[in-house]
Number of protein chains: 2
Amino acid sequence: MPVPLYQAKAEFFRMLGHPVRIRVLELLQDGPKAVRDLLAEIDVEASSLSAQLAVLRRSGIVTATREGSTVVYALAGGDVAELLGAARRILTELLAGQNELLAQLLEEPA
Amino acid sequence: MPVPLYQAKAEFFRMLGHPVRIRVLELLQDGPKAVRDLLAEIDVEASSLSAQLAVLRRSGIVTATREGSTVVYALAGGDVAELLGAARRILTELLAGQNELLAQLLEEPA
DNA sequence: TGTCGAATTGAAGAAATCTTCAATTCGACA
DNA sequence: TGTCGAATTGAAGATTTCTTCAATTCGACA
């Protein structure tokens with residue numbers, strides 16, 4: 001019994017828990033992309049992007065292959081779209097709930 | 001445009017990124033549970049569990065209701081099972097991939 | 001070979017997160 | 001009212017994560 005499963009799950013979600021990493025995964029759903037292209041679409045320093053790409057690589061959710069002088073990243077497989085979709089559905093509910101709450105607070109000033 | 005969506009997503013995943021919080025969500029899938037019962041099933045200090053429950057509460061993914069002298073937590077709705085399922089499928093692949101890699105390394109000692 | 005561009009790495013400091021311990025709140029109940 | 005149990009909160013300290021800047025690696029190509 002190496003790593004307890006719930007700990008592996010927690011690490012997995014933590015790996016997803018960064019705006020730049022989310023953006024990268026979303027962009028890679030349209031197909032492989034060179035670092036340079038990712039950099040053009042995400043507002044972040046090159047070295048910071050590299051660090052976040054390294055996190056994704058270490059987890060195994062993306063692969064990096066060198067092509068000439070550039071490096072191309074791709075999803076390693078796995079239905080990332082399904083995961084992000086499920087997350088979006090829940091998130092939509094949560095945000096809606098928060099808006100309701102906000103609306104109530106505005107209606108009933110103490 | 002309040003919070004960019006990819007940032008909300010990242011925060012959402014970060015909220016999931018803790019072993020105790022994962023355990024709680026898994027346990028709550030069987031129905032509402034009192035804090036005392038969660039505490040009995042998870043190996044953690046009471047105050048630490050409280051802190052993690054507070055994180056879940058603030059995100060809105062669970063609700064807490066006081067019943068007499070105990071507090072009962074429940075999933076706030078949202079298909080958490082679907083999300084955890086999607087995560088497990090990807091995670092299974094990733095772990096399998098890592099095992100392959102490990103096996104290769106053991107086969108071909110440099 | 002020398003150098004340019006693309007990408008990564010290392011180190012240092014800032015910021016966020018976790019755990020622990022002590023103190024506090026809130027019902028229940030004698 | 002006084003006190004017990006359940007749960008939360010606050011503060012302090014340790015750990016992890018992120019960003020930035022400088023230095024480095026690796027191809028490409030003149």
Side-chain angles (χ1 to χ4, degrees), chain A residues 3-4 6-25 27-28 31-76, chain B residues 3-4 6-25 27-28 31-76:
Chain A
V3 179
Y6 52 84
Q7 177 151 351
K9 281 189 195 170
E11 277 170 31
F12 176 70
F13 284 121
R14 216 167 44 209
M15 175 273 287
L16 296 172
H18 189 289
V20 168
R21 297 196 290 262
I22 292 291
R23 288 286 288 135
V24 168
L25 292 179
L27 289 169
L28 292 186
K33 276 203 160 35
V35 172
R36 178 170 11 86
D37 297 335
L38 295 172
L39 201 46
E41 304 214 47
I42 308 178
D43 183 30
V44 65
E45 293 276 325
S47 59
S48 189
L49 176 59
S50 260
Q52 304 315 325
L53 289 174
V55 173
L56 293 174
R57 246 187 293 127
R58 274 196 297 274
S59 81
I61 203 172
V62 303
T63 60
T65 57
R66 174 142 226 141
E67 298 199 355
S69 69
T70 78
V71 175
V72 174
Y73 279 80
L75 294 183
Chain B
V3 179
Y6 52 84
Q7 176 151 351
K9 281 189 195 169
E11 277 171 30
F12 176 70
F13 284 121
R14 215 169 42 209
M15 177 272 287
L16 295 172
H18 189 288
V20 168
R21 297 196 290 263
I22 292 292
R23 289 285 288 137
V24 169
L25 292 179
L27 290 170
L28 292 185
K33 276 204 162 33
V35 172
R36 179 172 8 88
D37 297 334
L38 295 173
L39 201 46
E41 303 214 46
I42 308 177
D43 184 29
V44 65
E45 293 276 326
S47 59
S48 190
L49 175 60
S50 260
Q52 304 316 324
L53 288 174
V55 173
L56 293 174
R57 245 186 296 128
R58 274 196 297 275
S59 82
I61 202 173
V62 303
T63 60
T65 59
R66 174 143 226 140
E67 300 199 354
S69 68
T70 78
V71 176
V72 174
Y73 279 80
L75 295 183

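Atoms considered below: every heavy atom in the structure, side chains included; atoms not considered: hydrogens, waters and symmetry mates. For clarity, every value in this text was computed on a predicted model and none was experimentally measured.
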**Item:** Boundaries of the chain B footprint along DNA chain D (any atom under 4.0 Å from a heavy atom)
**Value:**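 The contacted stretch runs from D/dA6 to D/dT9.
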**Request:** Could I get the full list of side chain to side chain contact (heavy atoms under 4.5 Å, CB included) partners for B/T63, not counting sequence neighbours?
**Result:**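 B/A74, B/A76.
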**Item:** Minimum heavy-atom distance B/P32-B/V72, with the two atoms named
**Value:**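 In terms of heavy atoms, the two residues are closest at CB-CG1, 3.7 Å.
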**Request:** Write down the atom of B/A64, the atom of B/V71, and the distance for their closest heavy-atom approach.
**Result:**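 That closest heavy-atom pairing would be CB-CG1, 4.0 Å.
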What is the distance from atom [atom1] of [X] to atom [atom2] of [Y], rounded to the nearest 0.5 Å?
X	Y	atom1	atom2	value
B/T70	B/D37	OG1	CG	8.0 Å
B/M15	B/F13	CE	CZ	9.5 Å
B/R36	B/S69	CZ	OG	7.0 Å

**Message:** Below 4.0 angstrom, which residues in residues 47-65 of chain B have at least one non-hydrogen atom near DNA chain C?
**Reply:**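 Heavy-atom contacts with DNA chain C come from B/S47, B/S48, B/Q52.
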**Of residues 66-75 of chain A, the positions that come close to DNA chain C - non-hydrogen atoms, cut-off under 4.0 Å** =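 Nucleic-acid contacts, sorted: A/S69, A/T70, A/V71, A/Y73.
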**Asked** If we only count heavy atoms from C-beta on, is the A/L75 to A/L25 side-chain gap below 4.5 Å?
**Response**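 Sidechains of A/L25 and A/L75: in contact.
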**Item:** Consecutive-pair stems (at least three Watson-Crick or G-U pairs, under 3.5 Å) that include DNA chain C
**Value:**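 Result, WC/G-U stems under 3.5 Å: C:1-30 with D:1-30.
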**Asked** For A/R23, which residues count as a salt bridge (Lys or Arg N to Asp or Glu O under 4.0 Å) partner, sequence neighbours excluded?
**Response**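 Salt bridge (Lys or Arg N to Asp or Glu O under 4.0 Å) list for A/R23, sorted by chain: A/E26.
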Distance-only criterion, 3.5 Å: show the donor-acceptor pairs between side-chain atoms of residues 38-58 of chain A and protein atoms not counting sequence neighbours.
{"residue": "A/Q52", "atom": "OE1", "partner": "A/R21", "partner atom": "NH1", "Å": "2.6"}
{"residue": "A/R57", "atom": "NE", "partner": "A/Y73", "partner atom": "OH", "Å": "3.0"}
{"residue": "A/R57", "atom": "NH2", "partner": "A/Y73", "partner atom": "OH", "Å": "3.4"}

**Prompt:** Listed in order of residue number, which residues of residues 33-44 of chain A have a non-hydrogen atom at under 4.0 Å from DNA chain D?
**Reply:**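 Per residue number, the list is empty: none.
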